[in-house]
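Each residue takes its place number in the sequence, starting with 1.
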Amino acid sequence: MNDNEYMAIALELAARGAGRVSPNPMVGAVVVRNGRIVGKGYHQAVGGPHAEVHALDDAAEQAVGATLYVTLEPCNHHGRTPPCTEKILRSGIRRVVVAMADPNPDVRGGGNSFLRDHGLEVVCGIREAEARRLNESFVKFVRTRRPFVVLKIAATLDGRIATSNGDARWVTGPEARSMVHRMRHRMDAILVGIGTVKADDPQLTARLQDEAGVDPIRLVLDTHLAMPPDAQMLRQRSEAPTYLVCGPEPDRQRHRMLTDAGARILEVPLNGVLVDMVALMAQLGRMNIASVLIEGGATVAGSALRSDIVDKLALFYAPKLLAGEGVPMCAGPGPQWMKEALALENVTVERVGADILVQGYRHDMGE
């Protein structure tokens, strides 16, 4: 096996931390000696040992003279845990292969330089694009202190997310819906509008088939605090809180009634009659929320795109046609000319069961 193949294993390990380490990055590590893997590890929980520590402890004395493969530049500063660079030096590792440098502008290159200065061979950039995609939320958040935003839409081939009477169950098949629950598990927060709550009374939880999912924080755009106090997301068992995002100075009686029901209230400036999405993202960044999945209806999707807060789109198309009236994917004013349409970059297409998933980026943080 070569460096690329060993790094692929480290990336697979890193992905196991999805949903459990934010706002920190997912990191995996592999220790190889004489062509044999002698240690593995990944970052498992916020505040816990880093991937390098787990891998080196797993390798024990076999780390002497070995190569360490790690998906992110080893840290060289004190945080919740000691610097991984010191652990690497003490272990006897002689060569370190890194997928990507730390994107944090305050520490970028520090770990690699420290190790080189102490006589270790350091190679950086192996499977870098994959490493950046894996941690795209972390890359944006650490650079901008704003969450990475994914807009998910499920639609028919003629672009309808529901029938004319609002029926949307189900646009896509079970495989696509299962993938969406996996997406929820990986994101810090999920955002919908009050219209979705009133129409569907959703749980907005992460229900996985093979493991216990981590529920995202629930955010409901609810300008006038119209949320029913008996809504399912206020009554269900979940460790994740539900925030109602409203305008300034909301009705005190509604405020008290909904907080008594278990909701948390987040007051954000308005942009006309709607929540100012840019101001909301700034507030979520201050709350250490590094990623947001938008699953709202047409009004929320249109507002998010016009506000230019969306980084990535995940569009699930079902092989169905309404062939008539229905709810469009986006609502609100749009451009007058096709040249003003919003363009996507790095577009991919894949089959998910009977459905088609198209993904692309508005703002690519992988550079």
Is it true that R362 and D308 have a side-chain N and a carboxylate O under 4.0 angstrom from each other? yes
Please say whether the positively charged group of R20, taken as NZ for Lys or CZ for Arg, lies over the ring of Y42, i.e. under 6.0 angstrom from the six-membered ring centre and within 45 degrees of the axis. no
Do the ring planes of H43 and H50 sit parallel (below 30°), tilted (30 to 60°) or perpendicular (above 60°)? perpendicular
Report, as yes or no, whether the 6.0 Å neighbourhood of atom CD on E325 holds more than 12 heavy atoms from other residues, nucleotides or ligands. no
On a heavy-atom basis, the closest approach of D58 and K40 is OD2-N, 2.9 Å
Could you tell me which non-hydrogen atom of F316 sits nearest to which non-hydrogen atom of A176, and how far apart they are? CD2-CB, 3.7 Å
Considering all heavy atoms, the nearest P25-L72 contact: CG-CD2, 3.5 Å
Does atom CD of Q336 have more than 12 heavy-atom neighbours, drawn from other residues, nucleotides or ligands, at distances under 6.0 Å? no
Looking just at side-chain N and O atoms, do Q283 and R286 make a donor-acceptor pair shorter than 3.5 Å? yes
Is a side-chain donor-acceptor pair under 3.5 Å present for R218 with S238? yes
Are R146 and D311 ion-paired here, with the side-chain N under 4.0 Å from a carboxylate O? no
Closest non-hydrogen atom pair between N24 and F138, with its separation: C-CD1, 4.1 Å
Is H181 atom NE2 crowded by more than 12 heavy atoms from other residues, nucleotides or ligands, each under 6.0 Å away? yes
Closest heavy-atom pair and its distance - L120, V96: CD2-CG2, 3.9 Å
For atom CD of Q253, decide whether the heavy atoms of other residues, nucleotides or ligands shown that lie under 6.0 angstrom number more than 12. no
Could you give the distance from CG (L191) to CD1 (I309), rounded to the nearest 0.5 Å? 7.5 Å
Find the distance between CG (N34) and CZ (R36) and round it off to the nearest 0.5 Å. 8.0 Å
Examine R143 relative to F141 and say whether NZ or CZ is less than 6.0 Å from the centre of the six-membered ring and inside a 45° cone about the ring axis. no
Under 4.0 Å between a Lys/Arg side-chain N and an Asp/Glu carboxylate O for E136 and K312? yes
